[in-house]
Amino acid sequence: MTAEEFYNKGNEHRRRGEFDEAINCYLEAIRLDPDSPAVIAKQMLDEQFAFFYKDYYNP
């Protein structure tokens with residue numbers, strides 16, 4: 001799969017509330033293409049988890 005495909009798959013998981021899977025897809029997209037929009041998507045999820053789930057998520 002390409003970085004774009006992993007990014008799109010991550011977006012699908014995010015919409016379904018499957019955040020762990022979304023992050024994994026974003027990480028793979030970033031690994032394949034460090035300039036992928038997955039960088040921003042993962043950063044946004046990190047910020048949301050850090051704000052709403054301080055005890056649950058520790059990057």
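Keep in mind that the numbers below use all heavy atoms, side chains included, and drop hydrogens, waters and symmetry copies.
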*Asks:* Are Met44 and Phe19 connected, step by step, through hydrophobic side chains (Ile, Leu, Val, Met, Phe, Trp, Tyr) whose heavy atoms are closer than 4.5 Å?
*Replies:*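 No, because Met44 and Phe19 fall into different hydrophobic clusters, even though each may have its own neighbours under 4.5 Å.
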*Asks:* For Asn11, enumerate each residue passing the side-chain contact (heavy atoms from CB on, under 4.5 Å) test, keeping only those at least two apart in sequence or located in another chain.
*Replies:*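 So Asn11 forms a side-chain contact (heavy atoms from CB on, under 4.5 Å) with Tyr7, Asn8, Arg14, Arg15, Tyr26.
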*Asks:* Taking side-chain contact (heavy atoms from CB on, under 4.5 Å) as the test, write out the residues that go with Met1, two or more places apart.
*Replies:* Glu5, Phe6, Lys9
*Asks:* For residues 31-39, which side-chain N or O atoms pair as donor and acceptor with protein atoms under 3.5 Å away, sequence neighbours left out?
*Replies:*
unit_1 : atom_1 : unit_2 : atom_2 : d
Arg31  : NE     : Glu28  : OE1    : 3.3
Arg31  : NE     : Glu28  : OE2    : 3.1
Arg31  : NH2    : Glu28  : OE2    : 2.5
Asp33  : OD1    : Asp35  : N      : 3.1
Ser36  : OG     : Ala38  : N      : 3.1

*Asks:* Go through the structure and list residues passing side-chain contact (heavy atoms from CB on, under 4.5 Å) with Glu18, not counting sequence neighbours.
*Replies:* His13, Arg16, Glu21
